[in-house]
Amino acid sequence: MNLVSWIQSLDPRLVRLLCFLSAGLIALSDWSIGQQISLGAIYVLPIVILAFVGKRGELLFLSLACALCRTAFSVPVSQPDEIVRFVIALFAYSGSGLFIHEIVRNQRLSREHLEELTRQHGLRRDLEEHLNVLAESSPAAIFTLDESGRVLSANKATERLFGLPADGSIAGVCVSELLPVLAGALKLNPRTAVFRSAAQCQGRRLEGQLFVAEIWFSMYQTPRGRRLAAIAVDSSDEMREREEQNLRHLLANNRIIAGAVSHEIRNICGAISMIYSNLAAGANDQKEKEFLALGNLVQGLSRIASMDLAAKVQPTLASIDLAETLDQLRFLIEPAWLEIGGRLTWDIGPGLPLVFADSMGLVQALLNLVQNSHRAVQQCLERTLRISARMAGHEVEVSVADSGPGLANPSDLFEPFQNASNQVGLGLYVSRALIRSYGGELRLQPSEQGCCFSILLQAAE
């Protein structure tokens, strides 16, 4: 510890007392020596020591006292010279003390500022470590983009979301084609400096696999340009489960409705059977009434039969983009086929027109066909599925062909309540009814291997 640090470590009140006492002792020594020797230079010592712990007012007071003592106890001169000597001494003493006081003060402020910077740096480092652990442990993809849509920083979940290889780096990868909604957001010119929004969109991994993404993002300005921070999660599994659940509910509800209709038909058939027995055993005068009753029952049965799903276009049917609907089907079925080692082939012709259909209903019909193919190829060595779409005259034909063992009884394929079905036996029956309600047709195409279904849809003019 040096002398300055030792002085600053003492009690400031004790240092002040010693400085004033030493100044008094110097003045007493100066008076006792008389005018032979001047001790004016020694007065600086207590002022300099007081500068380490004292205040400006205390320094000025001590400097004034020392200047007066030096003037009073020095060699006598004329009054103007005494005034000049006093002013010079006052400026010398006070200037020395204030100069050292400012140096000590600046050192103290610099040290406190350095300690504060060190403390803030430590807090910032701890915060960055916590945020880094939070981001890396998060199952959601967290990343930032520059103005061109390239990744600046990202966590491990982002690499898994975009299907990056294990030895690759996501930094610098352009996500404009992987998540087009973010590329469109970067082209916006928001009125505010910070823009926040959320979106559900279709994404694409680096290997081409489609997925559904839930994205929360914000844009902000930096000196180096606009930046985008985003949090994204893959909701494909939830959507697949929801669509499959909707298909199961559709088939279950149709089975309930078909069961109710069958119940009414059984009642009418029972009445017809009883009237037939009465006609066979009754007298001739009762046969006319029985015939009238039989006719009424037949008419009732015809009315029930007329309630079947009619093959006519719904008057409120809208036109849809078939390519987008097939993309939606793709990320619904692709993981299940990849899980069994299957191979999907997509042959979508360019420039397909809009078609008359309901997007959700068409997806349900196609999903039912694909699930049947998925069950059919389970025991096959070759597990392939080919989905194609092309123009067929004024219609658009969508084909679903698999490499399964084929169908044993294709003649009863679209009959409800199939005995050989391991489901409710209404899938193809309901699917054809949905397609027919759009003015289209679902039919089985001859195939040398496996099974091939064709859906014809009306093209929108």
Audit row: Phe356, Leu457, side-chain contact (heavy atoms from CB on, under 4.5 Å) steps and yes/no: CA-CA 7 Å; Phe356 286 116; Leu457 298 172; over 6 Å; no

Gap between atom CG of Leu50 and atom CD of Glu58 - 0.5 Å precision: 6.0 Å

Stepwise salt bridge (Lys or Arg N to Asp or Glu O under 4.0 Å) test for Glu147 and Arg226: CA-CA 6 Å; Glu147 287 183 323; Arg226 183 182 299 178; 5.1 Å; no

Verdict with supporting geometry, Glu177 and Arg204, salt bridge (Lys or Arg N to Asp or Glu O under 4.0 Å): CA-CA 7 Å; Glu177 297 181 358; Arg204 186 184 300 273; over 6 Å; no

Test applied, side chain to side chain contact (heavy atoms under 4.5 Å, CB included); reference residue, Leu385; option that passes from Thr345, Ile333, Val377: Ile333

Pair Val396-Leu322, side-chain contact (heavy atoms from CB on, under 4.5 Å): steps then yes or no: CA-CA 9 Å; Val396 178; Leu322 182 60; 3.5 Å; yes

N/O donor-acceptor pair under 3.5 Å between Asn155 side chain and Ala140 backbone: yes

Stepwise salt bridge (Lys or Arg N to Asp or Glu O under 4.0 Å) test for Arg227 and Asp146: CA-CA 5 Å; Arg227 297 290 184 264; Asp146 60 9; 5.8 Å; no

Donor + acceptor pair across side chains of Ser403, Glu382 (<3.5 Å): no

Step-by-step salt bridge (Lys or Arg N to Asp or Glu O under 4.0 Å) determination, Glu102 to Arg56: CA-CA 10 Å; Glu102 289 301 320; Arg56 291 190 181 95; 2.6 Å; yes

Backbone of Glu214 reached by a side-chain donor or acceptor of Gln200 within 3.5 Å: no

Donor-acceptor contact below 3.5 Å, side chain Arg205 vs main chain Phe211: no

Gln328 side chain to Glu324 backbone, donor-acceptor under 3.5 Å: no

Interatomic distance, Met360 atom CE to Leu434 atom CG [nearest 0.5 angstrom]: 11.5 Å

Chi angles and distances behind the side-chain hydrogen bond (donor to acceptor under 3.5 Å, both in side chains) call for Glu116, Gln120: CA-CA 6 Å; Glu116 180 65 19; Gln120 292 183 2; 2.9 Å; yes

Gap separating the CD atom of Gln209 from the CG atom of Leu344, nearest 0.5 angstrom: 10.0 Å

Worked check of side-chain contact (heavy atoms from CB on, under 4.5 Å) between Leu366 and Leu362: CA-CA 6 Å; Leu366 289 169; Leu362 183 58; 4.1 Å; yes

Short side-chain to backbone donor-acceptor contact, Thr222 and Gly225, under 3.5 Å: yes

Heavy-atom donor-acceptor pair, Arg150 side chain to Gly172 backbone, under 3.5 Å: yes

Enclosure of Gln379 CD (heavy-atom neighbours >12, cutoff 6.0 Å): no

Under 3.5 Å donor-acceptor, Thr158 side chain and Ala154 backbone: no

Trace of the side-chain contact (heavy atoms from CB on, under 4.5 Å) decision for Phe52 with Ile100: CA-CA 7 Å; Phe52 293 114; Ile100 296 176; 4.0 Å; yes

Backbone of Leu354 reached by a side-chain donor or acceptor of Ser319 within 3.5 Å: no

Quiz item: cation-pi between Arg443 and Phe453, 6.0 Å / 45°: no

Stepwise side-chain hydrogen bond (donor to acceptor under 3.5 Å, both in side chains) check, Ser373 with Asp402: CA-CA 6 Å; Ser373 298; Asp402 60 57; 2.7 Å; yes

Shortest non-hydrogen contact between Glu395 and Leu456, atoms and distance: OE1-CD1, 3.7 Å

Gap between atom OH of Tyr438 and atom CG of Asp358 - 0.5 Å precision: 4.5 Å

